Amino acid sequence: MKIPYTKPSITNLEVEYACDAAATGWGDKCYEYIHKFEKAFAKYLGVKHCIATSSCTGAMHMGLHALGIGPGDEVILADTNWIATAAPIVHLGAKPVFVDILSNTWCIDPEKVKASINSRTKAVIATHLYGNLCEIEKLKHICSDANINLIEDAAEAIGSSIGTKKAGAMSEFSTFSFHGSKTITTGEGGILATNNSEIYDKAFTLSNHGRSKHQNKQFWPDEVGYKFKMSNVQAAIGLAQLKRIETLILRKRAILEQYKYNLKDLTAVSMNPELSGTINGAWMPTAVFDKSLGIGQKRLLQVFAEQKIDARVFFWPLSSLPMFKENLLNRNSYDIPTRSINLPSFHDIRDDQINQISEIIIKLVANG
Ligand SMILES: *Cc1c(COP(=O)(O)O)cnc(C)c1O
């Protein structure tokens, strides 16, 4: 039997809520779970406003549009990212500027951000990769000095925090994903979160096909907006997942801890860091093999496939993709994926399966 790398944890609670939404959530009640989910998520995160969306990509698209980003503008992001973070920038006619990551956190390098800011730069997107946290205080200073917006892509960072602030509550706005692979899921789905009422108002209007809350005329859009809404049935599943959020995050963290414990004697293998004063939500346990070991991505994929374990590659640098093809000198973004692998971490993975996977890594390091 294959060990998958991810699958959601669905209990009777999710089924009960989804059935209720399917049976009763129509007519006057067709937004009931959506509003409950948005409110509960805002409360969990500690922000004022949330807008549930059909995907994280859609939330980012609306948010960037609400900031007025368009043709001629530049948005800085880490070269190591999922395409979802860059695509909305391109669709809005702006230019994604890919900068290198730090070798310890695999997140955007603030110094590289600083060096890439020019008069066209409108925003910086900080992606908290695999649950690891960006150096948000440094980024905040750099962005406020340059008078540009800081945004968080927190798709992978539910459960991560710095001090008392949760990832996704530390910038102008943030986006989360509820894709089936994420820590909480609605099948497909996302959310935009913000404390900024102006951004919220603009994004809300955009999310509603350009129809403002303050417009009294029916069916009257004041601008061309988007249709990126989450459905009520999806929100019902999301609300149930959110009620279980502490359990889901604790399990993610326990899985990462067990991998780290099992591999603690392998000084040449590093995993997701948890810097002092921070909590890592541990969405995706990832092992990076030191260059000295000579164990590359191809070998890792082969060994895991032989053992029927579904391991995934570390994100390719976006600048290496055919539509960007920029061949930038982003050393870490090009180097780390060549000697790394994402490990299975679904909620119901058994301890003996984690031990089995760890054992494969230990043997591989011992025998090369
Ligand atoms: C999953 C993910 C997204 C996209 O989420 P969708 O809901 O699939 O649009 C965006 N950014 C990052 C970093 C992700 O991991």
Side-chain angles (χ1 to χ4, degrees), residues 5-8 37-38 41 50-65 75-92 96 98-99 101 105-108 123-134 136 139 150-160 167-168 170-171 173-193 203 207 226-231 234-235 237-238 241-242 248 252 272 280-286 312-319 321 333 336-337 340 342-343 345-346:
Y5 100 119
T6 166
K7 65 177 174 183
F37 180 55
E38 288 173 339
F41 201 87
C50 281
I51 303 174
T53 52
S54 52
S55 71
C56 175
T57 313
M60 183 61 78
H61 200 146
M62 288 191 324
L64 293 174
H65 188 149
V75 177
I76 299 172
L77 69 164
D79 206 352
T80 302
N81 243 313
W82 178 222
I83 184 70
T85 318
I89 302 169
V90 175
H91 289 311
L92 287 166
F98 304 116
V99 302
I101 52 171
T105 63
W106 323 324
C107 290
I108 197 163
V124 173
I125 304 178
T127 302
H128 303 295
L129 201 85
Y130 302 145
N132 302 354
L133 286 146
C134 293
I136 216 78
L139 291 169
L150 178 63
I151 300 161
E152 290 165 279
D153 179 339
E156 306 182 352
I158 198 162
S160 297
M170 303 186 280
S171 58
F173 77 82
S174 67
T175 58
F176 287 84
S177 172
F178 310 123
H179 177 260
S181 62
K182 299 291 164 40
T183 300
I184 78 171
T185 189
T186 58
E188 292 279 1
I191 214 162
L192 181 149
S207 77
Y226 298 96
K227 187 62 194 295
F228 290 154
K229 287 188 188 181
M230 178 182 280
S231 77
Q234 287 173 298
I237 297 172
Q241 291 262 285
L242 202 50
L248 295 173
K252 276 286 188 188
N272 313 50
N280 192 320
W283 173 61
M284 184 67 75
T286 299
R312 295 289 164 111
V313 301
F314 198 100
F315 288 128
W316 308 101
L318 294 178
S319 67
L321 300 177
S333 295
I336 295 172
S340 309
N342 298 147
L343 304 174
S345 65
F346 56 96

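Just follow the structure's listing: the first ligand is 1, and inside any ligand the first atom is 1. Since the model is a prediction, treat every value here as computed from it, not as a measurement.
- Here is the list of ligand 1 atoms found below 4.0 Å of a heavy atom in C56: 4 (C), 5 (O), 6 (P), 7 (O), 9 (O), 10 (C).
- Scanning all heavy atoms of the two residues, the minimum distance from T53 to M62 falls at CG2-CE, 3.7 Å.
- One option in H179, K182, E156 has a heavy atom closer to atom 2 (C) of ligand 1 than any other, and that option is K182.
- Closest protein heavy atom to atom 9 (O) of ligand 1: T57 OG1, 2.5 Å.
- A distance-only check finds no donor-acceptor pair linking the side chain of E152 to the backbone of S174 [under 3.5 Å].
- Contact annotation: for S55 versus ligand 1, heavy atoms closer than 4.0 Å belong to both the backbone and the side chain.
- Counted by atom type alone, N132 and T105 present zero donor-acceptor pairs between their side chains at under 3.5 Å.
- With respect to atom 11 (N) of ligand 1, the closest heavy atom belonging to the protein is D153 OD2, 2.7 Å.
- Counting the atoms of ligand 1 from 1 in the order shown, those under 4.0 Å from a heavy atom of T127 are 13 (C).
- With hydrogens left out, the protein atom closest to atom 4 (C) of ligand 1 is A84 CB, 3.5 Å, a heavy atom.
- Numbered from 1 in the order shown, with element, the atoms of ligand 1 that lie under 4.0 Å from a heavy atom of T85 read 11 (N).
- Closest to atom 7 (O) of ligand 1, if we only count protein heavy atoms, is S177 OG, 2.8 Å.
- Judged by distance alone, with hydrogens and angles left aside, the side-chain atoms of K252 form a donor-acceptor pair with the main-chain N or O of W283 at under 3.5 Å.
- Ring pair F178/F37 is perpendicular by interplanar angle, where above 60° counts as perpendicular and below 30° as parallel.
- The closest donor-acceptor contact from the side chain of D79 to the backbone of L318 lies under 3.5 Å.
- Taking the six-membered ring where tryptophan is involved, the planes of Y130 and F314 are perpendicular, since the angle between them exceeds 60° and thus also 30°.
- Atoms of ligand 1 lying under 4.0 Å from at least one heavy atom of G189, given by number and element, are 7 (O).
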